[in-house]
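Here's the structure we're looking at; comments come further down.
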Amino acid sequence: GAGVSQSPRYKVAKRGQDVALRCDPISGHVSLFWYQQALGQGPEFLTYFQNEAQLDKSGLPSDRFFAERPEGSVSTLKIQRTQQEDSAVYLCASSHPGGGLPAFFGQGTRLTVV
Amino acid sequence: GESVGLHLPTLSVQEGDNSIINCAYSNSASDYFIWYKQESGKGPQFIIDIRSNMDKRQGQRVTVLLNKTVKHLSLQIAATQPGDSAVYFCAEATNDYKLSFGAGTTVTVRA
């Protein structure tokens, strides 16, 4: 597609439930990023992939968060045993074939934990 | 209209006027900066970027100014239009992949 595609757009999870958020980057983009955006705030870095390699996961809030990109294209962000503080918009971005920045973002997945 | 200070989260501007959105960044080692526009329910949209070896860069109706001495970045929008209403974020990078975003400025264009 023309842009970064994320699914689902909205997700409501009960506390303790596991969720999986999907990201389809722009075709041919080497770099892929996940960010978390709390209401009224700027995005916060979670993790970075170059192809299938996860080069930086320093922003993941806890070991309940896990991201993968097994074939170097589609990526999944998984959150286990969701908690209310996980409620946020999760943004995926990818960057040009050379990698690096700038990052081009998808529309995000709004996660609400009830 | 102009936003001033370290953190003024809203800016109201008359349609047709020029807008100036200001941003103070925190890391003197940052060497790359991006302005993003985020409309309600959408992801951040790339507007313009600038590297630290430049102090000014122009795009279509937008200009970014960088003052490294005082760690200040600004985005100027010429002839502001209703479609410019959004939240604007400045982001800084100290390496080639991680962005740190500011708190954002909400711009409202008055008809």
Side-chain angles (χ1 to χ4, degrees), chain A residues 1-10 21 23-26 29-51 53-60 67 69 88-96 98-110, chain B residues 3 6-11 21-27 29-54 57 59 62 64 66 73 75 86-108:
Chain A
V4 177
S5 177
Q6 292 188 246
S7 61
R9 285 293 319 276
Y10 304 93
L21 313 180
C23 172
D24 283 88
I26 295 170
H29 276 197
V30 168
S31 298
L32 185 144
F33 318 82
W34 283 97
Y35 283 77
Q36 180 190 58
Q37 186 173 24
L39 188 64
Q41 298 187 18
E44 296 273 350
F45 173 84
L46 292 177
T47 188
Y48 163 61
F49 289 86
Q50 188 165 333
N51 296 305
Q54 188 175 23
L55 299 185
D56 188 334
K57 55 181 181 179
S58 63
L60 296 176
R69 194 186 185 197
V89 174
Y90 290 86
L91 295 163
C92 178
S94 67
S95 70
H96 57 83
L101 296 168
F104 299 94
F105 286 85
Q107 290 193 307
T109 294
R110 180 176 295 278
Chain B
S3 72
L6 283 176
H7 180 70
L8 188 70
T10 63
L11 173 66
I21 306 166
N22 295 298
C23 175
Y25 63 93
S26 58
N27 192 335
S30 294
D31 59 4
Y32 179 61
F33 305 86
I34 306 175
W35 280 100
Y36 284 95
K37 170 186 178 184
Q38 188 172 29
E39 296 173 278
S40 181
K42 296 185 178 181
Q45 176 188 353
F46 172 88
I47 302 174
I48 192 168
D49 58 2
I50 188 167
R51 296 209 171 269
S52 58
N53 60 354
M54 303 172 69
R57 191 164 188 221
V62 294
V64 55
L66 174 63
L73 196 66
L75 178 70
V87 179
Y88 289 80
F89 292 99
C90 65
E92 60 183 299
T94 53
N95 59 29
D96 62 356
Y97 64 86
K98 183 185 289 188
L99 291 171
S100 295
F101 284 78
T105 297
T106 300
V107 173
T108 303

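Lettering follows sequence order; numbering is per chain, from 1.
When heavy atoms are compared at a cutoff of 4.5 Å, B/Gln45 does not approach chain A at all. Heavy atoms of B/Tyr97 lying under 4.5 Å from chain A belong to its backbone as well as its side chain. For chain B, no part of A/Gln6 is nearby; none of its heavy atoms comes within less than 4.5 Å.
Between the CG atom of A/Leu101 and the CZ atom of B/Arg51 there is a distance of 7.5 Å, given to the nearest 0.5 Å. Note that CG of A/Asp56 and CG of B/Asn95 are 7.5 Å apart. Values are rounded to the nearest 0.5 Å. Separating the CZ atom in B/Phe101 from the OH atom in A/Tyr35 is a distance of 5.5 Å, to the nearest 0.5 Å. A distance of 7.0 Å separates CZ of A/Phe33 from CG of B/Leu99, quoted to the nearest 0.5 Å.
For A/Arg9, the side chain to side chain donor-acceptor pair (under 3.5 Å) criterion is met by A/Gln107, not counting sequence neighbours. Every side chain to side chain donor-acceptor pair (under 3.5 Å) that A/Tyr90 has, sequence neighbours left out, goes to A/Gln36.
Smallest separation of non-hydrogen atoms from B/Phe89 and A/Gln41: CZ-O, 3.8 Å. Considering all non-hydrogen atoms of both residues, B/Pro44 and A/Leu91 come closest at CD-CD1, 3.8 Å.
For the set A/Gly106, A/Gly108, A/Pro102, the count of heavy-atom pairs under 4.5 angstrom toward chain B peaks at A/Pro102.
The environment of A/Glu44 atom CD is sparse: at most 12 non-hydrogen atoms of other residues, nucleotides or ligands sit within 6.0 angstrom.
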